[in-house]
K.L.:
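Just passing along the structure, written as structure tokens.
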Amino acid sequence: MDTERVVIFDTTLRDGEQSPGASLSADGKLELARQLARLNVDVIEAGFPISSLDDFQAVSQIAKEIDGPVICGLARAVEADINRCWEAIKHARKPLIHTFIGTSDIHLKGQLRRSRDDALRMAVAAVRQAKSLCKDVEFSPMDATRTDLRYLCEVIQATIEAGATVINIPDTVGYAMPEKFGQLIREIRDKVPDIQKVRLSVHCHDDLGMAVANSLAAVKNGVQQVECTINGVGERAGNTSLEEVVMALKTRRDYFDAETRVRTEELYSTSRLVSRLMGMPVPANKAVVGANAFAHSSGIHQDGVLKERATFEIMQPEDVGLRESKIVLTARSGRHALKHRLSELGYELSGGQLDKTYRRFLEVADKKKEVFDGDLVAIVEDETTTVPERCKLEYLHTSSGTGTIPTATVRIKIGDQLIQEATCGDGPVDATYKAIDKVIGLPIKLKEYSIQAVTSGAEAMGEVTVRIDDDGGIVIGRAASTYIIEASAKAYINGINKLMARGRVEREGE
Ligand code: KIV
Ligand code: ZN
């Protein structure tokens, strides 16, 4: 028997963007779509075009520009949604309309206030309409895992007859258990007469931490497509993590006898990009792409790996794009060595961007003895940000300690003006943010603050991510430094610059 090919349907830009507070800018969406194409996913679900003008424009830009993957848009099973979706994706080389309706009694009674017959008719009409516009149509009976099986099979058969080419089985609320989910897939394959005519897909949520296990159980039971997101981001607890499914299929090919076309060496940089754009740090112990995923700390493990990697490593770091460096970068390393290592890490820099990054690298290397890959990634992401720097931190001094009142003095350059303020706060970061607020003089609210060490050791760089709001929506600010109060100040100012770039906040008189 031939090895099965599993189609990877990425929904980071649609379901992933439904993660609370993770909204992406139009530029960010396009940048991510380009990276997903590099990763070689089969389908990019680019958005939900009727949900907003911004989303419509982002989907149509992606449809026009991105070559390679199928470009998909989401639409409820109503006429206006489907027309709008088609308008957005029609320029794609390979367009796909994905339409859905809730089919469980809980959804029908509790939300849609429709009978089963009504929903069936709406599903069929939606698929017919979509099919009249687009050759490829995917249909999802939402909340399939809590839908009566007989009715579910009836809806699936009817939508296949109406022209669906993909049938997707969503575990919308993350309720399924792997064995039961596998059994459901088998039953659908047995009971729906025309199921062989379509590609069968699954879309799992992670409310009980089962999304990857459920998706893999479905593969084992014959589905040909898995819907997933980078880092498992998505509504509530998130979706199936793309990198985990892809690496499970690759590493346990003996068990699944299935493969994907994903370029796994792009997984790490894609994960970093999603984390940066969405302001959602990746936990250190996250499978496949976490900072500790390939770090061996116990003596016995280190000894084993040094003698024979396979003793404690089932995947190679290089397979996910983590290449071990033979050269350690220090303050004595030249621009060429930095450029070379950055290129190995997937960043091609030249000219002004390389100059800026090199200057910053030297500053960090002066403070730390050795500069690791994690530090380099943080530096390059800081220095290549495309947000115009209307505000720039010129000076920062804080004092704090047991029994002293934390104080901060900041000097910020705004245009040609240098403004200085000092204040005290509950801690050095709080004092710094209050001083920045005084300089900026705008109603900015800090919604979330997180800090992560980029590499290990006391001298590691700290990467700070903040979510700030001016009552017009949340933006993410990010910065890294060996001095964490400075990283905190710069992350806050990075967020303020983003608000200013969007014209959302203006200083008085500007
Ligand atoms: O979780 C879900 O059911 C969805 C559908 C739109 C497929 O996201
Ligand atoms: Zn979903």
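Atoms considered below: every heavy atom in the structure, side chains included; atoms not considered: hydrogens, waters and symmetry mates. In this text, all values refer to a predicted model and were calculated from it rather than measured experimentally. Order of listing sets the numbers, starting from 1, for every ligand and every atom in it.
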K.L.:
Taking only residues two or more places apart in sequence, or in another chain, which ones meet Asp117 in a salt bridge (charged side-chain N to carboxylate O under 4.0 Å, His left out)?
P.N.:
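Applying salt bridge (charged side-chain N to carboxylate O under 4.0 Å, His left out) to Asp117 gives none.
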K.L.:
Gln452 side chain to Val282 main-chain N or O, any donor-acceptor pair under 3.5 Å?
P.N.:
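The answer is yes, because a donor-acceptor pair under 3.5 Å joins these two groups.
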K.L.:
Side chains of Thr172 and Asp143: donor-acceptor distance under 3.5 Å anywhere?
P.N.:
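Thr172 vs Asp143: no donor-acceptor pair found between side chains.
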K.L.:
Do the charged groups of Lys94 and Asp136 touch, with an N to O distance under 4.0 Å?
P.N.:
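Asp136 and Lys94: not salt-bridged.
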K.L.:
Please list, chain by chain and in numerical order, all residues satisfying salt bridge (charged side-chain N to carboxylate O under 4.0 Å, His left out) with Lys191, sequence neighbours excluded.
P.N.:
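If we apply the salt bridge (charged side-chain N to carboxylate O under 4.0 Å, His left out) test to Lys191, skipping adjacent residues, the hits are Glu187.
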K.L.:
Between the protein and ligand 1, which nitrogen or oxygen pairs come in under 3.5 Å, and how far apart is each?
P.N.:
| unit_1 | atom_1 | unit_2 | atom_2 | d |
| --- | --- | --- | --- | --- |
| ligand 1 | 1 (O) | His203 | NE2 | 3.2 |
| ligand 1 | 1 (O) | His205 | NE2 | 3.0 |
| ligand 1 | 3 (O) | Thr172 | OG1 | 2.7 |
| ligand 1 | 8 (O) | Arg14 | NH1 | 3.3 |
| ligand 1 | 8 (O) | Arg14 | NH2 | 3.0 |
| ligand 1 | 8 (O) | Asp15 | OD2 | 3.1 |
| ligand 1 | 8 (O) | His203 | NE2 | 3.1 |

K.L.:
Where do Tyr449 and Ser488 land on the side chain to side chain donor-acceptor pair (under 3.5 Å) test, with the steps shown first?
P.N.:
CA-CA 9 Å; Tyr449 170 95; Ser488 305; 2.8 Å; yes
K.L.:
Hey, which protein N/O/S atoms does the Zn ion (ligand 2) have under 2.8 Å?
P.N.:
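Short answer, with waters excluded from the count: Asp15 OD2, His203 NE2, His205 NE2.
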K.L.:
Do the side chains of Glu17 and Lys29 get close enough for a salt bridge, i.e. N-O under 4.0 angstrom?
P.N.:
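Yes.
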K.L.:
Got Ser201 and Glu227 here, is their nearest side-chain heavy-atom distance under 4.5 Å?
P.N.:
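Yes - at least one pair of side-chain heavy atoms lies under 4.5 Å apart.
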K.L.:
Tell me the closest heavy-atom pair linking Ala176 and Thr145, and the distance in Å.
P.N.:
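Where Ala176 meets Thr145 most closely, the heavy atoms are CB-CG2, 3.9 Å.
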